[in-house]
Amino acid sequence: QVEVVETGGGVVQAGGSLNLSCQVSGLDIVNHAMAWLRQAQGNEREGVSCSPFHGRYQYNVPSVKGRFTVTRDNSKNTLFLQMNDLKPEDTAMYYCVVGIVCNADGRDSFRRGRYFGKGIQVTVSS
């Protein structure tokens with residue numbers, strides 16, 4: 001059974017940083033692209049950052065580019081999201097996804113996620 005667990009969320013002031021972790025058990029992430037999605041209250045879920053299985057590039061949506069960095073440690077079956085210079089509009093539930101499309105230019109990315117975590121709340125106060 002595959003389990004995806006996000007940790008590291010919380011409340012932070014604008015301009016602050018958080019580092020999310022996604023621990024996967026039940027499969028080896030080395031063969032899977034992974035991503036972070038988020039959903040703010042009243043909004044649809046949206047892609048944030050993704051990492052292909054080899055980790056040689058990352059794609060970040062324009063709203064977080066330059067502030068967020070996604071990395072992976074395949075030996076620890078873990079995906080990370082370093083979030084810097086956080087803004088109130090980053091407030092959302094953040095979800096880790098395994099087995100999703102991740103292209104370097106972002107086209108057709110964040111589709112067909114296979115395993116989802118339950119999500120973790122990130123709240124940025126102004």
Side-chain angles (χ1 to χ4, degrees):
Q1 183 176 352
V2 178
E3 190 173 19
V4 180
V5 179
E6 303 97 338
T7 57
V11 180
V12 63
Q13 287 190 332
S17 298
L18 284 173
N19 189 21
L20 302 184
S21 297
C22 170
Q23 178 71 54
V24 180
S25 58
L27 63 74
D28 289 330
I29 68 170
V30 67
N31 296 317
H32 299 277
M34 297 180 66
W36 291 95
L37 310 181
R38 68 185 180 186
Q39 186 169 17
Q41 197 167 8
N43 291 357
E44 293 186 355
R45 192 176 296 184
E46 62 176 0
V48 178
S49 302
C50 70
S51 170
F53 73 94
H54 48 71
R56 289 198 289 267
Y57 60 80
Q58 61 177 292
Y59 176 75
N60 297 286
V61 297
S63 61
V64 307
K65 193 172 183 179
R67 302 187 296 120
F68 289 12
T69 302
V70 58
T71 57
R72 61 195 294 154
D73 186 338
N74 287 341
S75 68
K76 296 182 179 179
N77 246 27
T78 303
L79 183 76
F80 303 96
L81 183 66
Q82 177 66 43
M83 304 185 293
N84 298 327
D85 189 23
L86 282 160
K87 305 175 185 295
E89 52 264 40
D90 295 318
T91 295
M93 187 74 80
Y94 283 71
Y95 298 89
C96 177
V97 186
V98 182
I100 200 165
V101 177
C102 179
N103 294 316
D105 60 4
R107 284 188 296 177
D108 296 326
S109 292
F110 305 110
R111 295 171 55 202
R112 297 199 297 270
R114 188 171 181 186
Y115 301 103
F116 289 75
K118 293 181 179 179
I120 193 160
Q121 180 68 35
V122 171
T123 302
V124 184
S125 60
S126 57

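Counting begins at 1 with the first residue of the sequence.
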Work out which heavy atom in Gly117 is nearest to a heavy atom in Tyr95; give both atom names and the distance.
O-CD2, 3.5 Å
Using every non-hydrogen atom in the two residues, find where Pro88 and Ser126 come nearest and quote the distance to one decimal.
CG-CB, 3.9 Å
Between Thr123 (side chain) and Thr91 (backbone), is there a donor-acceptor pair under 3.5 Å?
no
What's the shortest heavy-atom distance between Gly8 and Ile120, and which atoms?
N-CD1, 3.5 Å
So which heavy atom on Ala92 is nearest to which on Gln121, and how close?
O-NE2, 3.4 Å
Donor-acceptor contacts under 3.5 Å from residues 22-35 side chains, at least two apart:
unit_1	atom_1	unit_2	atom_2	d
Gln23	OE1	Thr78	OG1	3.0
Gln23	NE2	Lys76	O	3.1

Residues 29-55 vs salt bridge (charged side-chain N to carboxylate O under 4.0 Å, His left out), sequence neighbours excluded, gives Arg38-Glu46, Arg38-Asp90
Please say yes or no: joined through hydrophobic side-chain contacts below 4.5 Å, possibly via intermediate residues, are Val101 and Val4 part of one cluster?
no
Between the side chain of Arg56 and the main-chain N/O of Pro52, is any donor-acceptor distance below 3.5 Å?
no
Mind checking the CG-SG spacing from Asp108 to Cys102? Nearest 0.5 Å is all I need.
12.0 Å
To the nearest 0.5 Å, how far apart are NZ in Lys118 and SG in Cys96?
14.0 Å
Val98 vs Val2, test: side chain to side chain contact (heavy atoms under 4.5 Å, CB included). Steps then yes/no.
CA-CA 10 Å; Val98 182; Val2 178; 5.7 Å; no
When rounded to the nearest 0.5 angstrom, what distance separates OG in Ser17 from CG in Asp85?
8.0 Å
Can you tell me how far the NZ atom of Lys65 sits from the CD atom of Gln58, to the nearest 0.5 Å?
9.5 Å
Do Leu20 and Met83 come within less than 4.5 Å of each other through their side chains, counting heavy atoms only?
yes
Donor-acceptor contact below 3.5 Å, side chain Arg72 vs main chain Gly55
no
Check step by step if side chain to side chain contact (heavy atoms under 4.5 Å, CB included) holds for Leu79 and Trp36.
CA-CA 9 Å; Leu79 183 76; Trp36 291 95; 3.3 Å; yes
Where is the tightest heavy-atom contact between Ser49 and Val64, given as atom of each residue plus distance?
OG-CG2, 4.2 Å
Nearest heavy-atom approach of Phe53 to Asn74 is O-ND2, 3.4 Å
State, with a plain yes or no, whether a side-chain heavy atom of Phe68 is found less than 4.5 Å away from one of Leu86.
yes
Do Phe116 and Phe80 share a hydrophobic cluster (ILVMFWY, side-chain heavy atoms under 4.5 Å, transitive)?
no
Is there a donor-acceptor pair under 3.5 Å between the side chain of Glu6 and the backbone N or O of Gly119?
yes
Please step through side chain to side chain contact (heavy atoms under 4.5 Å, CB included) for the pair Tyr59 and Asn103, ending with a clear verdict.
CA-CA 7 Å; Tyr59 176 75; Asn103 294 316; over 6 Å; no
